[in-house]
Each structure stands twice: as structure tokens, then as C-alpha cells.
There are 4 protein chains.
Amino acid sequence: MPRQASSAPPVRGRPRDPRTRAAILVAARDLLERGGLTAVTIEAIAQKAGVSRPTIYRYWPNAPAVAMAAFLEKTGAASAAASPGSALSALRAQLHALADAFAAPAGRSVAAMVAAAQSETELAKAFRNEFIARNRDATWALLERCIADRSIAEPDDMDVTLDLIFGPLFYRLLMGHAPITRGFVDQLLDTVVRARRRRPVQPPAG
Amino acid sequence: MPRQASSAPPVRGRPRDPRTRAAILVAARDLLERGGLTAVTIEAIAQKAGVSRPTIYRYWPNAPAVAMAAFLEKTGAASAAASPGSALSALRAQLHALADAFAAPAGRSVAAMVAAAQSETELAKAFRNEFIARNRDATWALLERCIADRSIAEPDDMDVTLDLIFGPLFYRLLMGHAPITRGFVDQLLDTVVRARRRRPVQPPAG
Amino acid sequence: MPRQASSAPPVRGRPRDPRTRAAILVAARDLLERGGLTAVTIEAIAQKAGVSRPTIYRYWPNAPAVAMAAFLEKTGAASAAASPGSALSALRAQLHALADAFAAPAGRSVAAMVAAAQSETELAKAFRNEFIARNRDATWALLERCIADRSIAEPDDMDVTLDLIFGPLFYRLLMGHAPITRGFVDQLLDTVVRARRRRPVQPPAG
Amino acid sequence: MPRQASSAPPVRGRPRDPRTRAAILVAARDLLERGGLTAVTIEAIAQKAGVSRPTIYRYWPNAPAVAMAAFLEKTGAASAAASPGSALSALRAQLHALADAFAAPAGRSVAAMVAAAQSETELAKAFRNEFIARNRDATWALLERCIADRSIAEPDDMDVTLDLIFGPLFYRLLMGHAPITRGFVDQLLDTVVRARRRRPVQPPAG
DNA sequence: TCGTAAACGAGACGGTACGTCCAGTCTTTTT
DNA sequence: AAAAAGACTGGACGTACCGTCTCGTTTACGA
């Protein structure tokens with residue numbers, strides 16, 4: 001049940017200026033895109049946003065946290081909504097969009113946030129919940145529609161299926177050993193579509 | 001009479017003490033395992049290795065570079081050698097070993113190096129060539145044996161097949177949304193084994 | 001109504017803790033006296049004063065500058081004030097005091113600051129204005145009293161007269177070829193007193 | 001039985017290349033003139049002279065010592081020799097030359113060496129013996145000729161007389177509060193010439 | 001309307017690490 | 001042997017940010 005009657009926490013003192021928060025996030029996002037994670041320092045954000053350093057600390061605990069907030073602010077997850085045609089083509093469209101994003105400069109920000117998430121649990125959690133999970137959920141929904149209309153066989157484990165789709169995309173994004181194209185997405189989808197037609201092969205006893 | 005056949009420069013001045021290099025790498029690896037990438041500072045390495053800071057800079061340009069060298073020094077790629085039984089079971093064994101490594105604390109080091117590789121091209125190149133490529137090559141060899149003995153159908157694109165195996169593993173390692181188990185590896189292998197039985201499905205025109 | 005007449009800047013930000021500045025200067029002076037100029041390193045000052053290195057740099061640009069500030073802080077110029085007896089004896093007393101100071105360990109600090117002033121214009125200016133000029137002014141005042149009461153004849157050039165007094169003292173201090181005694185001061189004064197009785201001798205045409 | 005009659009040192013091994021020593025001194029002098037004492041580092045000398053650092057250490061114990069050697073190598077003392085005309089005019093000529101040197105860029109090197117001599121006894125000794133003493137000796141000789149021909153009265157203390165001449169010159173060189181001109185030298189000489197006509201004034205008892 | 005409480009800018013401060021420079025010393029090979 | 005080259009330790013340099021703090025100033029609200 002909700003913790004309080006309706007909304008109002010007493011709100012004593014001077015209220016936060018919403019422009020402050022916005023300016024910080026804009027500055028952080030800009031720094032992130034230009035110079036990667038290492039460019040996102042509290043110092044630089046403060047400078048760029050015309051804000052004092054303590055003010056930033058009043059909102060976030062450290063620089064990567066600001067970077068993550070800035071990243072998540074802009075980067076909404078793919079929407080499953082309003083896709084014309086079959087579920088499978090909607091799924092394909094969604095993943096094409098993701099591939100396009102990964103291939104664009106914005107992809108570097110995603111990679112940066114993955115990197116940032118490696119050193120702090122808090123960031124990892126935020127990234128996982130706000131970015132990874134959202135993407136997975138949107139794709140999950142479409143996958144279920146595909147299963148419902150028999151475009152894809154019911155998989156043993158939905159999570160594994162999602163990993164088979166997202167894993168290779170992130171892998172290429174982070175390693176950079178090969179480009180992320182729509183064709184690549186198609187190949188991944190083919191695999192998923194065709195793999196799940198029959199019951200699992202039994203792994204050998206030993 | 002020429003002093004040298006061709007390559008080796010005549011080695012002027014006092015030669016480098018191999019123990020110096022070794023001590024640095026040992027210290028760096030230790031720091032990496034204990035405290036992650038942020039613990040690998042030149043300062044700390046120098047302290048731990050009983051070496052002066054300038055000496056470290058004589059070998060590597062910055063701390064992440066030392067970390068990468070330390071990581072790569074120890075982490076040899078999986079060997080395809082001398083596996084008993086069928087090619088498929090050898091492949092499975094190899095990937096089980098990788099999954100075990102990823103699940104163990106050592107996995108954190110791998111994740112750390114992936115993260116490090118995001119901010120410096122030089123590191124990315126080293127990591128890709130020395131770690132990623134080696135693992136792929138070892139697996140590639142086994143996959144070819146599998147194809148030869150018909151355990152797996154000839155895939156359209158070997159790189160994609162490798163991405164389908166490694167991608168999900170790295171994805172779970174980096175996102176931490178689900179555990180990396182041998183069972184997970186088996187599921188990935190199943191997919192690959194079963195997906196490539198027929199000719200590719202035609203992607204839709206649009 | 002305007003907040004300020006003219007000068008004082010409104011004091012933005014956290015004000016400097018006066019104890020910080022004091023601690024730095026005390027530490028620097030101590031180091032200077034014990035080990036000479038080379039002992040006055042930012043590192044050592046920070047250690048001794050219990051202050052961080054960046055804090056010192058917030059006040060002064062480098063170590064010799066701190067040394068100079070520390071030196072000038074303590075070393076007030078000779079005062080011409082309240083000397084009993086004739087102007088000439090007051091002058092003699094003042095210079096005896098200076099000779100005593102030069103002969104004492106403190107003399108080494110003076111020599112050190114002269115040396116320091118050779119390599120940096122900024123230091124030279126500070127030393128000239130705060131130490132040299134003050135001493136000259138004090139002596140100048142007494143000399144004028146001497147001239148007024150006819151103990152000393154009006155010299156052609158007061159600056160030269162001052163150089164004739166201070167020059168030899170500094171010369172001995174810096175070269176160390178002979179001791180700086182009160183007798184030496186008396187000899188210098190004699191020269192000045194007796195030299196300036198008549199109009200200048202004409203230098204030869206060639 | 002002694003290996004050698006008397007003089008010839010055994011000269012084993014590779015003989016020192018005289019060009020090495022020369023190159024070092026030239027480089028040091030050049031650095032000294034361009035950048036003052038702080039520019040004379042072993043590193044820079046080695047670079048400039050095309051010589052390795054240990055080689056320099058084989059000749060001199062540290063950088064200021066090289067600087068001093070380089071300085072003394074070139075800067076011979078004023079010669080009293082072969083001056084036409086009276087002893088007094090010869091003296092004047094000699095001091096004019098010194099004033100010219102002090103006023104010229106070379107004066108900065110002299111000042112630098114005075115500064116250098118403040119921090120090391122060994123350097124101080126060398127400078128005193130090789131530069132200061134030589135100048136004093138040359139002037140002393142001329143002063144004696146002046147005394148002999150009655151241009152100057154016999155002073156109480158020849159050292160004080162020399163200090164009265166050199167002191168003000170060095171004082172201006174080091175403090176830079178006034179220019180070093182030939183006219184200044186003349187004023188100093190006047191003082192000395194006119195001061196020493198009578199017996200010393202008695203300093204007061206107290 | 002007038003406190004009071006928080007937001008905010010500014011900058012001091014202790015820290016930690018950076019990457020560099022130079023000093024001296026040593027260990028090689030070359031002359 | 002001496003010379004040349006370069007490895008190596010060690011100390012200090014001056015800088016960049018960090019995260020915290022202490023100020024003065026501003027802005028809203030609630031008594």
C-alpha cells in the first residue's frame with residue numbers, strides 16, 4: 001500500500017530549480033558523447049552547466065552516476081507499440097532499430113555505460129533495470145506474439161532466447177570485431193526462428 | 001663480419017631486468033583481481049612490485065595498459081588440443097571451461113578488461129587480438145571438426161555462429177542478469193547445432 | 001545604497017583559513033633556516049605544516065616563492081625609530097645590528113634569498129621591494145639626519161652612498177672571504193663620513 | 001720498486017678524449033647564458049654535448065660544478081698588465097672593463113655563479129679562489145702602484161678598500177636596483193681616493 | 001511580513017594519483 | 001680502462017579531480 005496519503009512531502013525550504021537538474025544532464029550527455037566516459041568529470045559538468053560542484057553532488061553521488069542518469073534520460077527503450085504487419089516483422093523492425101542505434105555514434109555511449117556498470121553495483125543495477133530490462137521486455141512481448149501466431153516455436157527458456165538475440169549485438173558493439181548491420185540481425189533471428197522447432201537434444205551423460 | 005643476421009637490434013646499454021617486468025605484471029594482476037580496474041593504479045603497482053613509477057612508464061603508457069598486459073599474460077586462450085571423444089564433446093568441454101572461468105572471480109577481470117577496452121583504442125586492439133581472437137580461433141577449429149563429421153551443419157557465416165556462442169556468454173558476464181552455467185552453454189550449443197540443418201529462410205523483401 | 005566604498009571585493013566562497021597560511025610560512029621558515037633554500041620543497045613544507053600540496057600552490061606558485069614570503073614575513077627591516085644620542089651614533093647602531101644579523105645564522109637565509117632572487121624576476125622584485133628597499137630607506141632617513149646636523153657632508157648621490165655601505169656588507173656575506181664585524185661597519189662609515197667633505201674630483205677626460 | 005721514475009702517470013686503458021670535456025663545457029656555458037643556472041642540468045648538458053650522463057659525472061660531481069667550471073674556463077680575471085698612463089688611470093680602466101662586463105649579459109652568469117656558490121661550499125671555494133680572488137689581486141696590484149705614486153693615500157686596511165670597490169658593484173649586479181655604469185665606478189673610485197687622506201676617526205667608546 | 005530552511009554559487013581544503021623531469025647509480029657492450 | 005648507452009631507484013614537481021566543508025546569497029513557504 002502507498003506510503004502516504006497522496007503526494008506532498010512537506011517541501012520545506014527553497015525548492016530545487018528544475019533547470020539545474022536539466023542543465024547538468026544536458027552537459028553530462030554532451031560530454032559523454034564527445035569524450036566518452038572519462039570526459040564526464042564533475043568538474044567538467046559543473047563548468048559546462050554553469051553549476052557549482054556541490055550542487056551536482058546534491059543530486060548524484062558521483063560522476064558515472066550522472067553519466068548514467070544522462071544516458072537513461074534520453075535513451076528510451078524500443079517500443080513494441082503500433083507495429084503494422086505480423087508479429088515477426090514487428091520484431092524484426094524493432095531489432096533493426098536497435099542495430100541502427102548501436103552502429104550510430106550513440107552506440108559508443110551504450111558501450112560506455114556497460115563499461116561504467118562494471119565498476120559500481122549501483123550503476124549496474126540502474127543500467128540493468130532501466131535499459132537492459134526495458135529492451136528485453138519489449139522484445140519479450142513481441143516474441144510472445146510470434147509464439148502465439150506460430151512464427152516461432154515455444155522455446156525452452158525465454159531468457160536464453162533473448163540472450164541469443166541481444167548477446168551477439170552487445171558482443172559486436174563492445175568488441176568491435178565486426179559491424180552491426182541489419183543483415184546481422186536477420187541472421188540472428190533466423191537462428192532463433194529455426195532452432196526452436198523440436199524438443200531439445202539430450203546432452204551426453206558425461 | 002656482420003654482427004647480426006637481420007632483425008635484432010644490437011642491444012645497446014644496460015639490458016632490461018626481466019624480473020622488473022615480471023614483478024610489475026604480477027602486482028598488476030593481483031590488484032586487478034582484488035580490486036578491479038580502479039585498483040590498478042601506477043602508484044599501487046609500483047608500491048607492490050617494489051619498483052619506481054618511472055620504470056613502469058618505461059614499459060607501458062598508463063595503468064590500464066599494464067592491467068591489460070597483466071591480464072593477457074596469464075589468461076591463455078582455451079586450447080583445442082588433445083580432447084578425447086567426438087569433436088562436439090570437445091567443443092562442449094571447451095565452452096564449459098570458458099563458462100566456469102566466467103562464473104569464477106576471474107570473470108570479473110575479463111569484464112574489467114572489456115570495460116577498459118571501451119575507452120582506449122590501443123587497449124581494444126590488444127584485447128581483441130590477444131583474447132577475443134584467440135578464443136574464437138580455438139572454437140572455430142573445433143567447429144570445423146564438427147562440421148567435418150556432420151555433428152553440425154555447415155553454417156552460412158562462421159562469424160555469426162561464433163557470435164551466437166560467445167555473445168550470450170559475454171552478455172551475461174557483463175550485465176549480470178542471469179548466471180553463467182554449463183547448462184546455459186549447452187542451450188547455446190543446442191541452438192547452433194539445430195539451427196543450421198536447412199538452407200536459410202528468406203528475409204522479407206521490405 | 002552601495003555595499004562598498006570601492007576596494008574590498010565582496011569575499012565570495014569559503015574564506016581562507018588564516019592558520020593555513022601561517023602554518024605554511026612557519027614550516028617554510030624553519031626549513032629555510034635549517035637546510036637552506038634546497039630544503040624548502042613543497043613536499044617538505046606540506047608535510048611539516050600538515051597541509052596538502054595543492055593548498056600551498058593555491059597561495060604561491062612555487063617553492064622559492066614560499067621561501068621568500070616566509071623570509072620577508074619575519075625579517076622586518078631595521079627601524080630608525082627611537083635611537084638615543086646623535087644621528088651618527090643611531091646610524092652606527094643600526095648598521096651594527098645589520099652586521100650582527102648577517103654574521104649570525106640568519107645571514108645564511110639572507111644569502112639564500114639573494115641567490116633565489118637571481119633566477120626569478122618575481123622573487124627579485126619582492127626581495128628588492130620588501131627587504132633591500134626597506135633597509136635602504138631606513139638608512140637613508142638616518143643619513144639625512146646626519147647631513148642635517150653636519151656629521152656627514154651632503155653627498156653627490158645618495159644612492160651611491162647607500163651602495164657604499166650596503167654593498168661591502170652583502171659582498172662579504174655572499175663571498176665569505178672575510179668576516180662581517182662591527183669594526184668593518186665602522187670602517188665603512190668612516191669612509192663615507194670622510195669622503196664627502198669636498199666637491200667631486202673631476203674624472204679625466206679620456 | 002716504484003713502477004715509474006717520477007712524472008708520467010701510468011695511463012692505462014682508453015685515454016680520455018679531450019673533445020669530450022670541451023663539448024661538455026661548451027654546452028654548459030651555452031645553457032648557462034641562455035637559461036641561467038636552472039637550465040644547467042646534467043640531462044640537458046648530456047643532450048646538447050652528445051655525451052652520456054655518466055660521462056659527465058666522471059668529470060664533475062654535479063651540475064652546478066660543471067656550470068662553475070664552464071664559467072671559470074671562459075671568464076679570465078682582469079689583467080693589470082700593459083696599461084699605459086698612470087696607475088690610477090690603469091685602475092680606472094680595469095674597473096670600467098669590469099663594470100662593462102657586469103652590465104653585459106655576461107653579468108647574469110656572474111650573478112648565477114654567486115647564487116650557485118651559496119649552496120655548496122666546494123663551489124664557493126672555487127668561485128672565491130678563481131674569480132673573486134683573481135679580480136681582487138689584479139686590483140690590489142694597481143692600488144699599490146697608486147699608493148706608491150701617491151694618487152691614493154695608504155689605507156688602513158687594503159681588504160676594506162677592495163670591498164668598497166667591488167662590494168657596490170656586486171651589490172648592484174645582484175639586486176638590480178640601479179644600473180652599473182662607468183660613472184658609477186668613477187664615483188666609487190672618488191670615494192676611495194678622497195677618503196684615505198687622514199687617519200681614522202675614532203669610533204665612540206660605547 | 002517575516003523568519004526559517006533549503007538551494008545554490010564560490011571557493012578552501014585534504015587527498016590521491018597523475019605523468020614528467022632530473023638526479024645519481026648500476027650494468028652492459030664497445031673502443 | 002674509459003666511454004657510451006640505457007636501465008633503474010628515488011624524490012620532487014606541478015596539475016587534475018575528487019569529495020567535503022564553510023561561507024554568503026537567494027528563494028520559497030508557512031507561521
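All chains are named by letter (A, B, ...) in the order of the sequence lines, taking the proteins before the strands, and each is independently numbered beginning at 1.
Rounded to whole Å, atom C1' of E:dG15 lies 12 Å from atom CD of B:Glu43. As rounded to whole Å, 14 Å separates atom P of F:dA4 from atom CD1 of D:Ile42. Rounded to whole Å, atom P of F:dT26 lies 15 Å from atom CZ of A:Arg19. At whole-Å resolution of the value, CZ in A:Arg58 and C1' in E:dA5 are 13 Å apart. As a whole-Å value, the separation of C:Ile45 CD1 from F:dG11 P is 18 Å. Atom CG of B:Leu31 is separated from atom C1' of E:dT16 by 15 Å (rounded to the nearest Å). Taking atom CZ of C:Arg14 as the reference point, atom P of F:dT20 lies 14 Å away to the nearest angstrom. As a whole-Å value, the separation of A:Ile24 CD1 from E:dC8 C1' is 10 Å.
Using a 4.0 Å heavy-atom criterion, one finds that B:Thr55 contacts the bases of the nucleic acid, with or without backbone contacts as well. No engagement by B:Pro61 is indicated, since no non-hydrogen atom pair under 4.0 Å with the nucleic acid exists.
Among the nucleotides E:dC13, E:dG9, E:dA23, the one closest to the side chain of A:Val51 is E:dG9. Candidate nucleotides E:dC18, E:dG11, F:dA5 were compared by shortest atom distance to the side chain of A:Pro54, and E:dG11 ranks first. Side chain of C:Asn62, nearest nucleotide from F:dG14, E:dA23, F:dA7: F:dG14.
One distance of note links OG1 of C:Thr55 with CZ of C:Arg16; it measures 9.5 Å at 0.5 Å rounding. Between the CG atom in C:Leu25 and the CZ atom in C:Phe71 there is a gap of 13.5 Å [rounded to 0.5 Å].
Between C:Arg21 and B:Ala44, the one whose closest nucleotide on DNA chain E sits nearer the 5' end is C:Arg21. Map A:Ala49 and D:Arg53 each onto its nearest nucleotide of DNA chain E; the residue landing nearer the 5' end is A:Ala49. Nearest-nucleotide positions on DNA chain F for B:Gly50 and C:Tyr57 put B:Gly50 closer to the 5' end.
Judged by atom type and distance alone, B:Arg12 does not reach the base of E:dT29 through any side-chain donor-acceptor pair under 3.5 Å.
Of the side-chain N and O atoms in A:Ser52, one or more sit less than 4.0 angstrom from OP1 or OP2 of E:dG9. Residue D:Tyr59 places at least one side-chain N or O closer than 4.0 Å to OP1 or OP2 of F:dA3. Phosphate proximity of F:dG11 to C:Thr41: absent, as no side-chain N or O sits under 4.0 Å from OP1 or OP2.
With respect to D:Glu120 and D:Lys125, no salt bridge is recorded, no charged nitrogen being found less than 4.0 Å from a carboxylate O.
The backbone N or O of D:Glu43 lies less than 3.5 Å from no partner atom in the side chain of D:Arg53, so there is not a single donor-acceptor pair. Judged by distance alone, with hydrogens and angles left aside, the side-chain atoms of A:Gln118 form a donor-acceptor pair with the main-chain N or O of A:Val114 at under 3.5 Å.
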